[in-house]
Amino acid sequence: MRQKSIGEVLKTARESRGWSLAEMQRLTQIQAKYLQALEYNDFAFIPDKDYARNFLERYAHVLELDSEILLEAYDTDSLVVYYGVGEEEDFDEKLSRSQRGKKGVSNYLPMIYLLLAACSILIFITYIVHSRIQNQATLSENSSYKVVSQSTSKSSSSSSTTASSTTSSSTTPKVGLTVSGGGDSLTVKVTNATEPLDIKLSVTDVTSWISVSDTDLATGSTLSAENKSAMTTLPTGVQTTTITLGVVQGVTIEIGSQKLDTSLLTNQSGTIVLTIE
């Protein structure tokens with residue numbers, strides 16, 4: 001009985017199937033540089049430990065390996081046990097059988113995520129429709145009051161006109177974004193934000209893995225020429241969230257319809273911590 005590192009197990013399984021890193025990027029939706037970091041056991045290259053575990057689990061699923069064995073080795077910083085020459089195929093087959101036995105359970109996860117996302121969207125739409133109905137009812141009552149006032153006297157008509165002008169001239173303050181930091185990390189203070197807060201990420205001609213914590217994008221998504229933008233909503237009551245960018249250049253972020261200046265992020269990847277005030 002011998003032992004291998006996590007990276008050796010992944011690389012051996014990939015090469016035995018004749019797959020390149022580019023092919024694995026397409027299958028896993030993980031950038032090739034992070035796949036290569038996993039194969040070289042360079043876990044510190046990945047920005048966050050949770051993302052490293054997520055990448056490792058997805059890589060193992062595609063290769064039909066037992067992700068629990070690899071994750072346990074990652075968490076305990078240990079090697080993976082395997083059999084000697086002539087028995088490695090039995091070991092890989094054992095990993096594959098174990099993974100196939102759990103595949104039925106993992107197949108339900110995308111459906112659960114879709115149901116949660118659908119429920120969130122339905123709640124948000126219901127809230128918007130309810131708010132608009134209330135606003136229309138309020139505007140209708142105010143309009144009736146102004147007509148009666150105009151028919152009563154000229155002075156009342158002037159007062160009503162002045163009040164109407166004052167109301168129409170007032171506008172909702174724009175969302176304020178105060179940016180600090182640089183390199184691979186920014187801190188952004190958001191002011192004048194209404195809840196729930198909309199966050200939009202989009203790309204032009206680059207491919208970047210992105211995620212937004214505490215939202216339906218918490219598990220991550222890949223933006224590319226085929227999938228150029230992703231929209232999410234920060235739930236009411238959440239005061240802090242973290243945006244992670246696998247590639248910074250070419251990614252545009254809008255917070256409450258205000259474009260965020262990411263020019264201070266000079267590294268290839270980066271994180272942005274939003275604080276709602």
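In this chain, numbering begins with 1 at the start of the sequence shown.
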task: Kindly say whether V9 contributes a backbone atom to a donor-acceptor pair with the side chain of T12 at under 3.5 angstrom?
output: no
field: Lys/Arg-Asp/Glu bridge criterion (N-O < 4.0 Å) met for K11, E8
entry: no
- prompt: Counting distance only, does the side-chain N/O of S202 pair as donor-acceptor with the main-chain N or O of S229 below 3.5 Å?
  reply: no
query: Can N227 and T222 be said to form a side chain to side chain contact (heavy atoms under 4.5 Å, CB included), step by step?
result: CA-CA 8 Å; N227 180 32; T222 299; 6.0 Å; no
Point-to-point distance, once rounded to the nearest 0.5 Å, from CG of L197 to OG1 of T236: 10.0 Å
Under 3.5 Å: donor-acceptor pair, side chain of S20, backbone of E23: yes
query: Step by step, would you call E254 with L260 a side chain to side chain contact (heavy atoms under 4.5 Å, CB included)?
result: CA-CA 6 Å; E254 294 183 13; L260 176 62; over 6 Å; no
Transitive ILVMFWY side-chain link I46 to I243, under 4.5 Å: no
query: Between the side chains of D216 and T232, does any donor sit under 3.5 Å from an acceptor?
result: yes
message: Rounded at 0.5 Å granularity, tell me how far CG in L38 sits from CD1 in I6.
response: 8.5 Å
message: Can a donor-acceptor pair be found, under 3.5 Å and without considering hydrogens, that links the side chain of D184 to the backbone of T271?
response: no
query: Can you get from Y34 to V203 by hopping between Ile, Leu, Val, Met, Phe, Trp and Tyr side chains that sit under 4.5 Å apart?
result: no
Heavy-atom closest contact (V175 atom, V190 atom, distance): CG1-CG1, 3.5 Å
- request: Verify, without hydrogens or angle tests, whether E64 (side chain) and H61 (backbone) share a donor-acceptor contact under 3.5 angstrom.
  value: no
query: Got a sec: does the CD of E72 have more than 12 other heavy atoms crowding it under 6.0 Å?
result: no
- prompt: Going by an N to O cut-off under 4.0 Å, is there a salt bridge joining R14 and E39?
  reply: yes
query: Do N267 side-chain atoms and S269 backbone N/O form a donor-acceptor pair below 3.5 Å?
result: no
task: Starting from the C-alpha separation in whole Å, work towards a yes-or-no answer on side chain to side chain contact (heavy atoms under 4.5 Å, CB included) for I272 and T242.
output: CA-CA 6 Å; I272 302 169; T242 301; over 6 Å; no
- request: Examine distances only and state if a side-chain atom of R17 and a backbone atom of A13 form a donor-acceptor pair shorter than 3.5 Å.
  value: yes
query: Under a single-linkage definition using a 4.5 Å side-chain heavy-atom cutoff for Ile, Leu, Val, Met, Phe, Trp and Tyr, are L245 and F55 assigned to the same hydrophobic cluster?
result: no
task: List the steps, then state whether side chain to side chain contact (heavy atoms under 4.5 Å, CB included) holds for I112 with L115.
output: CA-CA 5 Å; I112 294 173; L115 288 174; 5.6 Å; no
query: What distance do I128 atom CD1 and F124 atom CZ have between them, rounded to the nearest 0.5 Å?
result: 4.0 Å
task: Check the side chains of D214 and T241 for a donor-acceptor pair under 3.5 angstrom, ignoring hydrogens and angles.
output: no
N/O donor-acceptor pair under 3.5 Å between T244 side chain and S211 backbone: no
task: Starting at CG of L10, measure out to CG of L56 and round the result to the nearest 0.5 Å.
output: 6.0 Å
field: Heavy atoms of other groups near K33 NZ, more than 12 under 6.0 Å
entry: yes
field: Single-linkage hydrophobic cluster, 4.5 Å side-chain cutoff, F45 and I30 together
entry: yes
- prompt: Under 3.5 Å, side chain of D198 to main-chain N/O of T233, donor-acceptor pair present?
  reply: no
- request: Is it possible for you to say whether I253 and W209 belong to one hydrophobic cluster, with membership spreading through side-chain heavy-atom contacts below 4.5 Å?
  value: no
message: Checking the side chain of Q25 only, and the main-chain atoms of A32 only, is there a donor and an acceptor separated by less than 3.5 Å?
response: yes
message: Show the nearest heavy-atom pair for residues M24 and V62, with the distance to one decimal.
response: CE-CG1, 3.7 Å
